[in-house]
Amino acid sequence: MIRLFDSVHGEVRTLELRDPGRVSMYVCGPTVDNLPHLGHGRFTLVWDVARRWFTFQGLVVHFVTNITDIDDKIITRGHQEDRTTGEVVTEYEGRWWDAMDALGVARPDVAPHATNYVDEMIALIGWFLDNEIAYLTNDGVYFDVSRVPDYGLLAGQPLDSLRAGARVEIIDQKRSPLDFALWKNAKPGEPKWSAPFGDGRPGWHTECVVMSLDLLGEGFDLHTGGLDLKFPHHENERAQAVAAGKEFSRHWAHNGWVMVGGEKMSKSLGNFTSLTELSETTDPRAYRLLVLRSHYRSPIEVTPSTIADAERALSRLDSFARRFDLAPLAGAQLEVATNYQWEGRALELRQRVADALDEDLNTPLAVALLFEALGSANADADAGASHEALQVAQSVNVLFGAMGLSLVGASDEIDVTSAHLVGERDAAREAKEWAEADRLRSELMALGWIVEDGAEGTLIRRP
RNA sequence: GGCGGCGUGGCCGAGUGGUUAGGCAGGGGCCUGCAAAGCCCCGUACUCCGGUUCGAAUCCGGACGCCGCCUCCA
């Protein structure tokens with residue numbers, strides 16, 4: 001039984017599935033107008049972990065993440081750089097998937113593009129107009145939020161109170177500042193689609209509601225995204241579904257965001273670090289570990305110090321994998337618990353980790369349990385209880401794999417020169433020529449190796 | 001103005017009434033030719049003020065501080 005914080009009810013609730021054993025989830029994806037930043041990295045990691053964990057627990061997960069490939073910002077960028085929107089989209093969608101692959105975020109089952117759904121969006125908007133749920137203005141079609149009785153459900157506030165705080169000035173023909181664009185009329189030089197109500201392009205909120213309902217069906221299980229999408233984006237998606245008489249997502253969940261110097265990292269503040277920059281200096285697995293070590297609903301501060309902390313913890317995990325010769329997991333193929341043997345301490349560990357993750361995805365607790373198990377496996381191995389130790393070590397590896405974190409033991413290519421130095425050093429140590437042995441170690445270290453003396457002689461690896 | 005979140009040891013970060021969180025850094029020890037890796041031990045924390053209780057980081061009230069949403073944003 002999976003329990004998850006529900007953003008509408010403000011409490012942890014059991015995930016009541018539409019079809020027992022199957023989870024349909026929709027994660028709002030990126031607008032491909034720029035490089036993905038650490039905030040995108042966090043939400044994709046968080047929901048990748050959720051997906052992997054649900055799968056590990058035996059649920060069949062249908063996972064959809066969209067690509068928003070038509071949007072004001074894409075158009076703006078195209079104009080600025082004298083490129084077509086298609087060229088902008090192609091570049092940044094490519095960058096997006098590269099970044100996801102580098103982070104080890106598994107590809108979604110389906111990744112719909114907004115531009116492939118324009119006909120369906122036009123039909124829905126037309127229906128809203130026919131039923132006077134939407135109205136025309138000079139610059140497009142707007143949705144009349146007053147037509148949805150419980151508008152404000154996700155915001156946690158009634159319509160009136162939202163309206164009172166609205167910061168948008170009433171400068172156009174909108175009936176309420178909260179009414180939102182379903183369709184934006186094209187200005188000269190902008191990409192456009194023909195519609196009975198004017199040539200233009202769809203609004204963002206309409207894209208997601210149409211795609212999620214088309215691919216997952218009415219009453220799908222889980223709709224997620226960053227906390228900043230809760231209102232107005234998710235509110236507005238839901239408003240359209242409700243107005244159209246359709247049952248929408250059964251559960252809503254939102255992750256906290258990435259902070260920089262106490263402020264939210266965002267496009268509008270311009271204080272973001274791209275995932276590309278991160279991967280130039282950091283093992284992307286360290287970022288996953290950093291994300292796993294705090295609860296998904298908490299904000300996280302990403303600084304050189306917290307990154308370095310995660311890197312050192314990660315290197316301890318890798319040493320562990322090296323010691324027990326563990327095979328890296330957590331690739332494109334998602335792990336499933338029943339593919340492994342679980343008995344004794346391994347079974348106990350798995351159950352404790354499951355208790356943590358089934359209860360609102362408490363990854364920091366799960367990670368703590370795994371580090372504890374790591375220590376005990378090392379201690380057992382030191383004491384000579386190698387069979388017991390190996391069993392626990394393997395389960396630690398699988399459970400990290402279930403959260404998408406690969407433990408990587410030694411697999412460095414050793415060149416001829418270095419191999420020769422290793423041989424010489426072993427001979428020197430055999431002969432107890434310590435000065436020579438130390439000199440050869442220095443030489444290896446100068447070549448960038450970390451040198452360790454194991455039971456079978458000199459071991460070298462890359463940092 | 002309305003709504004919501006947060007304040008834990010040097011740093012990061014779980015924990016909702018009593019029992020070791022965990023990681024990183026630091027100190028001591030074991031092991032090692034010396035190291036590295038690993039193991040053991042140590043710090044004894046919970047913004048402040050009241051209250052409830054045999055007992056509170058955990059519940060209640062209040063204060064202070066920080067952050068966010070109500071506008072595009074993951």
Side-chain angles (χ1 to χ4, degrees), chain A residues 7 10 27-31 33-34 36-47 65 71-73 152 154-158 160-169 177-178 180 204 224-233 235 254-259 262-269 272 289-290 293-295 297-301 303 305-317 319-320 322-323 356 362-383 429 432-435 437-438 441 445 450-454 458-461:
Chain A
S7 302
V27 182
C28 279
T31 299
D33 67 318
N34 206 333
H37 58 65
L38 296 181
H40 296 103
R42 186 180 193 195
F43 95 81
T44 51
L45 284 168
V46 162
W47 302 114
T65 300
D71 178 86
D72 291 4
K73 283 200 278 291
L154 277 148
Q157 295 194 77
D160 287 346
S161 123
L162 281 166
R163 196 179 274 137
R167 281 178 278 169
V168 185
E169 283 187 58
L178 295 170
F180 56 90
W204 181 40
T224 77
L227 198 49
D228 43 359
L229 297 190
K230 194 164 116 179
F231 189 92
H233 181 56
E235 186 80 55
H254 298 93
N255 58 280
W257 39 57
V258 173
M259 309 290 287
E263 279 187 315
K264 178 191 167 195
M265 174 175 291
S266 71
K267 285 183 188 175
S268 49
L269 291 172
F272 64 85
L289 185 56
L290 182 62
R293 288 203 306 178
S294 66
H295 190 88
R297 288 193 279 120
S298 306
I300 56 171
E301 185 83 30
T303 65
S305 154
T306 59
I307 292 270
D309 187 290
E311 283 183 308
R312 284 186 293 257
L314 180 65
S315 90
R316 186 161 167 221
L317 294 177
S319 292
F320 183 71
R322 204 178 308 117
R323 176 174 196 175
N362 192 337
T363 56
L365 182 54
V367 169
L369 292 167
L370 292 176
F371 266 97
E372 225 171 56
L374 173 150
S376 77
N378 273 326
D380 283 346
D382 285 357
R429 292 188 68 228
K432 298 194 190 302
E433 292 165 4
W434 307 127
D438 289 350
R441 175 165 55 199
M445 287 168 73
I450 288 173
V451 182
E452 291 176 10
D453 297 341
T458 300
L459 301 170
I460 59 173
R461 64 185 165 89

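Protein chains get the first letters and strands the later ones, always in sequence-line order, with residue 1 at the start of each.
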For this session: Report the C-alpha distance between A/Met265 and A/Leu38 in whole Å, list the side-chain angles of each, state the deciding distance to 0.1 Å, and finish with yes or no for side chain to side chain contact (heavy atoms under 4.5 Å, CB included).
Result: CA-CA 8 Å; A/Met265 174 175 291; A/Leu38 296 181; 3.7 Å; yes

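- Residue A/Asp453 has its side chain nearest to B/G33 when only B/U71, B/A21, B/G33 are considered.
- A donor and an acceptor atom, one from each side chain of A/Trp257 and A/Asp228, are nowhere located under 3.5 Å apart.
- In this pair, A/Trp434 lays its aromatic ring flat on the base of B/G33, centres within 5.5 Å and planes under 30 degrees apart.
- Atom NE2 in A/His295 sits roughly 19 Å away from atom P in B/C12 (whole-Å rounding).
- Among the atoms of the strands shown, only primed sugar atoms or phosphate atoms (P, OP1, OP2) are found under 4.0 Å from some heavy atom of A/Arg323.
- If you find the closest nucleotide of RNA chain B to A/Arg312 and to A/Ala155, the one lying nearer the 5' end belongs to A/Ala155.
- Between A/Leu229 and A/Thr306, it is A/Thr306 whose nearest contact on RNA chain B lies nearer the 5' terminus.
- Rounded to the nearest Å, the gap between the P atom of B/C11 and that of B/A45 is 14 Å.
- A/Glu452 places its CD atom 8 Å from the P atom of B/G38, with the value rounded to the nearest Å.
- Base contact: A/Asp438 has a heavy atom under 4.0 Å from a base atom.
- Summarising the geometry, the separation between CG on A/Asn362 and P on B/G13 is reported as 14 Å, rounded to the nearest angstrom.
- Between A/Arg316 atom CZ and B/C39 atom P there is a gap of 5 Å when expressed in whole angstrom units.
- Across the P atoms, B/G61 and B/U52 are found 15 Å apart, a figure rounded to whole Å.
- Residue contacts shown for A/Leu370 are absent, as no nucleic acid heavy atom lies under 4.0 Å away.
- Annotated stems with RNA chain B as a participant read B:1-7 with B:64-70, B:10-12 with B:22-24, B:26-30 with B:38-42, B:47-51 with B:59-63, given as range with range, by first number; only runs of 3 or more Watson-Crick or G-U pairs under 3.5 Å qualify.
- OP1 or OP2 of B/C39 has at least one side-chain nitrogen or oxygen of A/Asn378 nearer than 4.0 Å.
- Computed from coordinates, the A/Leu289 CG to B/G13 P distance equals 13 Å when rounded to whole Å.
- A straight line from CZ of A/Arg429 to P of B/A36 spans 14 Å, rounded to a whole angstrom.
- Set against B/C24, B/G2, B/C39, the side chain of A/Gln157 has B/G2 as its closest nucleotide.
- Within 4.0 Å (heavy atoms only), A/Gly39 reaches at least one base atom of the nucleic acid.
- The same atom, P, is picked in B/A57 and in B/U71; the two are 41 Å apart, to the nearest Å.
- The backbone N or O of A/Ser315 sits less than 3.5 Å from a side-chain atom of A/Ser319, completing a donor-acceptor pair.
- Residue A/Val27 is classed as having no contact, given no heavy-atom separation below 4.0 Å to the nucleic acid.
- Note on A/Arg293: every side-chain N or O is 4.0 Å or more away from OP1 and OP2 of B/A14.
- A salt bridge does not link A/Arg429 to A/Asp438: none of the charged side-chain nitrogens sits closer than 4.0 Å to a carboxylate oxygen.
- Distance noted for atom C1' between B/A21 and B/G43: 16 Å (whole Å).
- Distance alone, capped at 3.5 Å, is enough to place a donor-acceptor pair between the A/Thr303 side chain and the A/Ser305 backbone.
- With B/G23, B/A74, B/G38 as the choices, the nucleotide that has an atom nearest any side-chain atom of A/Phe371 turns out to be B/G23.
- The side chain of A/Asp309 has B/C24 as its nearest neighbour among B/G33, B/C24, B/G2.
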What pairs of donor and acceptor atoms, side-chain ones from residues 364-371 of chain A against any protein atom, are under 3.5 angstrom apart with sequence neighbours left out?
none

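- Dashed line: the shortest gap from a side-chain N or O of A/Ser298 to OP1 or OP2 of B/A14 is under 4.0 Å.
- Straight-line distance from the CG atom of A/Asn255 to the P atom of B/A74: 11 Å, rounded to whole Å.
- Between the A/Glu452 side chain and the A/Leu459 main chain, no donor and acceptor come within less than 3.5 Å of each other.
- Using P as the reference atom, B/G13 and B/U53 are 36 Å apart when rounded to the nearest Å.
- Residue A/Ala164 is out of contact with every strand shown, counting any heavy-atom pair closer than 4.0 Å.
- Taking atom P on both nucleotides, B/U47 is separated from B/G10 by 13 Å, rounded to a whole Å.
- If you check B/G33, B/C72, B/A37 against the side chain of A/Arg461, the one that comes closest is B/A37.
- B/C48 sits 45 Å from B/A37 when the C1' atoms are compared, rounded to a whole Å.
- Inspection of the A/Asn255 and A/Arg297 side chains reveals no N or O donor paired with an N or O acceptor under 3.5 Å.
- When the P atom is used for both B/G68 and B/G29, the distance is 47 Å, rounded to whole Å.
- Panel note: side chain A/Gln157, backbone A/Gly152; no donor-acceptor pair is recorded below 3.5 Å.
- With distances taken from any side-chain atom of A/Asp382 to the nucleotides B/A35, B/C39, B/A74, the minimum falls on B/C39.
- Between the CG atom of A/Asn34 and the P atom of B/A74 there is a distance of 10 Å, rounded to whole Å.
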